[in-house]
Amino acid sequence: MSTPITPLLSEQEIRARVTALAAEIAPHLQPGTVIVALLKGAFVFAADLLRELSRHVPEINLDFMVLSSYGNDTRSSGRVMIKLDCQQLVENQDVLLLDDILDSGNTLTFAMEHMRLKGALRVYSCVLLDKPSRRQTPFSADFVGFTIPDLFVVGYGIDYAERYRELPYIGYLAD
Ligand code: IMP
Ligand code: MG
């Protein structure tokens with residue numbers, strides 16, 4: 001039997017916020033900025049944000065990275081591993097990291113440091129959802145879509161044990 005999903009953010013709310021977020025971010029993107037989206041969770045957000053950014057910025061350089069710290073659990077293990085590194089050279093370039101959710105802060109803290117070690121100039125971070133109450137590592141993202149309470153959310157690319165990524169809205173799993 002499938003777990004009931006309680007709606008939290010509708011398709012329309014997400015679309016309007018992603019459009020506004022692109023307008024906020026665009027003035028910070030220099031030519032050559034590399035956008036690095038963290039897979040798999042950020043893939044839908046990245047696709048929508050990129051198309052919105054293309055209304056403001058002519059050439060967008062996109063890459064992906066796969067990091068893992070969760071396994072199939074709902075809590076961060078605190079240990080971040082690189083499963084797939086980005087392929088583009090980021091040395092002397094600005095980088096904009098995109099993630100679906102900022103939760104414990106471990107993933108983005110690791111990813112920011114990783115980009116700096118690769119020689120990136122400035123590293124910005126952007127998350128669709130921020131759960132500030134769950135931080136284990138102090139971290140604030142430069143750009144945030146929505147700040148949400150401590151709920152385990154799914155949909156719009158975000159999964160629970162690889163399910164629900166296909167939902168066009170974001171909802172949370174009832175206990
Ligand atoms: P952090 O390292 O704890 O900040 O983890 C961020 C990552 O954990 C996100 O990219 C998600 O993949 C995953 N995550 C955190 N909260 C949730 C949630 O509510 N639903 C699904 N995945 C989550
Ligand atoms: Mg993730």
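Remember, it's 1-based here, ligands and their atoms both numbered in the order they're listed.
- To the nearest 0.5 Å, atoms CD (Q87) and CZ (F64) are separated by 11.5 Å.
- At a 4.0 Å heavy-atom cut-off, ligand 1 does not touch V80 at all.
- Residue T107 has at least one heavy-atom neighbour below 4.0 Å for each of these atoms of ligand 1: 1 (P), 2 (O), 5 (O), 6 (C).
- Note on ligand 1: S104 sits in its first shell, one or more heavy atoms being nearer than 4.0 Å.
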* Where do L9 and L129 land on the side-chain contact (heavy atoms from CB on, under 4.5 Å) test, with the steps shown first? -> CA-CA 11 Å; L9 297 165; L129 306 176; 3.7 Å; yes
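- Within the structure, the closest approach of T137 to ligand 1 does not fall below 4.0 Å when heavy atoms are considered.
- The L151 neighbourhood of ligand 1 comprises atoms 19 (O), with distances under 4.0 Å to a heavy atom of that residue.
- Note that the CZ atom of R15 and the OH atom of Y169 stand 15.5 Å from one another [nearest 0.5 Å].
- Taking only non-hydrogen atoms, the option from L39, L173, I101 nearest to atom 6 (C) of ligand 1 is I101.
- The I158 neighbourhood of ligand 1 comprises atoms 20 (N), 21 (C), 22 (N), with distances under 4.0 Å to a heavy atom of that residue.
- Atom CG of D99 and atom OG of S125 lie 9.5 Å apart (nearest 0.5 Å).
- Taking 4.0 Å as the cut-off between side-chain N and carboxylate O, R17 and E24 count as a salt-bridged pair.
- Residue contacts with ligand 1, taken as heavy atom pairs separated by less than 4.0 Å, do not involve V154 at all.
- Of the N or O atoms in L102, none lie within a sub-3.5 Å distance of an N or O in ligand 1.
- Within a 6.0 Å radius of CD in E59, no more than 12 heavy atoms belonging to other residues, nucleotides or ligands are found.
- Using a non-hydrogen distance threshold of 4.0 Å, D159 registers as a contact of ligand 1.
- Within the 4.0 Å heavy-atom criterion, the part of D99 lying near ligand 1 is the side chain and not the backbone.
- Annotation: the span from I60 atom CD1 to L53 atom CG amounts to 4.5 Å, rounded to 0.5 Å.
- Counting heavy atoms under 4.0 Å from ligand 1, residue D100 touches it through the side chain alone.
- For L38, the heavy-atom gap to ligand 1 stays at 4.0 angstrom or more.
- Residue V153 touches ligand 1 through backbone and side chain together, judged by heavy-atom distances below 4.0 Å.
- Between F152 and Y160, the angle of the ring planes goes over 60°, which puts this pair in the perpendicular group of the 30/60° scheme.
- In this structure, K131 has a heavy atom closer than 4.0 Å to ligand 1.
- Residues K40 and D100 are not paired through a salt bridge, judged by the lack of any N-O separation under 4.0 Å between the basic side chain and the carboxylate.
- How far OH of Y172 is from OG1 of T6: 4.5 Å, rounded to the nearest 0.5 Å.
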